[in-house]
Structures are given as structure tokens and as C-alpha cells.
Amino acid sequence: MATQILSNPPKIRKAVFPVGGMGTRFLPATKAMPKEMLTVVDRPLIHYAVDEARAAGIEEFIFVTGRGKTAIEDYFDENYELKALLANRGQQAIWEDLRRSLPQAGQVVYTRQPEPLGLGHAIWCARHIVGNEPFAVILADILIQSGKPALQQLCDHYHTRPGGMAIATMTIAAEDTKRFGIVGGVQTGDTIAVDALLEKPDPAHAPSRQGIVGRYILPPSIFAALESQKTGLSGEIQLTDAMAAILPQTQTTGVVIPGQHFDCGNKIGWLQANLAYALARPDLHHDVRRILAQQPAKAA
Ligand code: UTP
């Protein structure tokens, strides 16, 4: 396997947020609102993703949107009416807090995926904005609760051995391999020397129980691989297939992230995330515990 070690590792400056999917598993909520605007407690999923990227040192936030996704652009924009209203009420601090947590002017770039042809296609749509440098990808619908933000953990590992690909993984249940991209390879501590990548294999064919949890660092060579990809599972251009295509020439590390992940693209995952995040909030956890304790074991 050819390994490219750079003497002066490039910083990961750009993150792509593919948000062009239709979110069909979350209908009817996603009929007229983007899945990425679903809230966990009081923040949209996409805001958690941007927070995570910023914590990892990302400076440019690239959103690949699609039809019906303008709420995401509005969310990261100024809101003069709200600002004035809060100022009139003497609540500027709320506005200032919110503003500080959003990217600054000029840091956000939007492009559009004309048709939802898959995650791989969405990333390919960002090729001219990313250019010729390694970049991060975050899937906002997978929320990760970990001590250190997951993308930061991935970047930290990447910088110790830069070049190639780095993929965040978590241990998943054997029966769940059909819902994830799965990595194969030799694991040493919390890293895996990846030698196989499979999209949603049956448990019998899965090379491990390390599932890809929506955080990647990819080299620009991924774009040519995506360009030549045929449609894969469910008629979509799959990112995992393009990564598998460049795997033989690309040093690839899986980084096992400790903690919990929530697939907020499905209803149970989203409900679990709401409970876990509310229980972790000092202002909410007492009330949430009280309400849970009051629930009858079985609905009448
Ligand atoms: P998912 O497969 O979870 O999203 O893609 P989906 O297709 O919207 O969901 P369902 O299966 O219909 O419920 C993971 C991420 O990739 C983005 C999604 O927005 C999500 O953030 N995506 C997916 C795109 O940007 N474009 C696509 O064509 C497909």
C-alpha cells in the first residue's frame, strides 16, 4: 500500500455538510422542513454539527443543500427582527450568545445538489469549493456524545499521521451492520489500519463491528473516484464505494470514538438523543428524571 507522509501536514480547514437528502424515514416531519433542522432539546442537528466542526478548528463551512432546505440558510443568517426584539426586552445577552455560536460572515458557503442522488454525489457537488486539499465531512443526522468532540478526535489522529483518509467508527451491534458502512482491518488500541470498506453488509459478511459514524477526513482524490462511481445500493452514488475504490492507494485509518452515537435520521434514534441530551443538561435533568419516573411501565 502506497503511503504518503507529509512533512508539513496541511491543517483541515474545510468541512462539508451534506444536507441534500430527503429524510424519508422521518416523514411527515421532513415533508416541508429539512431533517437537519430537527431539534435535539433546543438546537437543530445542524447546529450541533457546526459546533463540532468549529471545535475541530474548521474555518470554512460548506453546505450541500437541495430543494426545500432554505431553512438551513436562514438559520445561519442574521435575524434583525429577533435581534431588535431581544434588545427592546433587555435580553441582548441571549442574542449575543446565539450569534457567537454561529459561523462568522464569509465562513459559510452553500452549493446545491440538484437531485438527491446519494451522499457520494452530494460530496462531489462540493468539489470546486473544496479544491485540492484534504477536508472533513460531517453527517449532521448522526449525533455523537463523546468526551471530546468526535471530529476533533479524528483530526488529532489525522495530524499524527497525515495524508490519506481517516474515518470515525464506533462499535455497533452485530444486527446493525446492515445500517452502516463497516470497516475491516487490524485494530491496535483505538485505531484501525483499514483494509476493507463495505456499505451496509449483512452481519454474516461484515468484516468487523466497527460502523462508520458520519465523520470523515478525505483527500481531494476522492472527487475523481466519485466522478467515476456507478450507482450502488438503493440507486445512489455511495461515498463508501468511492472510498473503497481509492483504498488500495490510500493510507486509511479508522479512529474508534468512545461514547454514544444517535442516528437522528430515524425516530427512535432521535428520541434517544433527546433523552440523553436533556439528561446531560443541568437545567433539565431533574425534570426529565421526574417525568420518566412518572411514566406507567405500559401505556394504558
Ligand atoms: P441519509 O441516507 O441518512 O439521508 O444520508 P436521507 O437520504 O435524507 O434519509 P432517508 O433514508 O431518506 O430517511 C446521510 C446524509 O447525507 C445527506 C443527508 O441529508 C444526510 O445528512 N444526503 C443524502 C445528501 O446530502 N444527498 C443525498 O442525495 C442523500
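Keep in mind that what you see is a predicted model, and the values were worked out from it rather than measured. Counting starts at 1 for both ligands and their atoms, in listed order.
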Visitor: Got a second to check how far Ile167's CD1 is from Ile192's CD1, nearest 0.5 Å?
Guide: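 One gets 8.5 Å once the value is rounded to the nearest 0.5 Å.
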
Visitor: Using a strict 4.0 Å threshold on nitrogen-to-oxygen distance, state whether Asp74 and Lys69 make a salt bridge.
Guide: no

Visitor: Report the residues that fulfil side-chain contact (heavy atoms from CB on, under 4.5 Å) with Ala84, sequence neighbours left out, ordered by chain and then residue number.
Guide: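 Applying side-chain contact (heavy atoms from CB on, under 4.5 Å) to Ala84 gives none.
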
Visitor: Do the charged groups of Lys14 and Glu133 touch, with an N to O distance under 4.0 Å?
Guide: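 Glu133 and Lys14: salt-bridged.
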
Visitor: Going by side-chain hydrogen bond (donor to acceptor under 3.5 Å, both in side chains), name the pairs with one or both residues in residues 85-96, residues two or more places apart or in two chains.
Guide: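 Listed by first then second residue: nothing to list.
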
Visitor: Exactly which residues line ligand 1, taking a heavy atom under 4.0 Å from it as the test?
Guide: Pro18, Val19, Gly20, Gly21, Met22, Gly23, Thr24, Arg25, Lys35, Glu36, Gln113, Pro116, Leu117, Gly118, Leu119, Ala122, Asp141

Visitor: Residues two or more places apart in sequence or in another chain: which of them pass salt bridge (charged side-chain N to carboxylate O under 4.0 Å, His left out) with Glu60?
Guide: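 With neighbours one apart ignored, the set is empty.
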
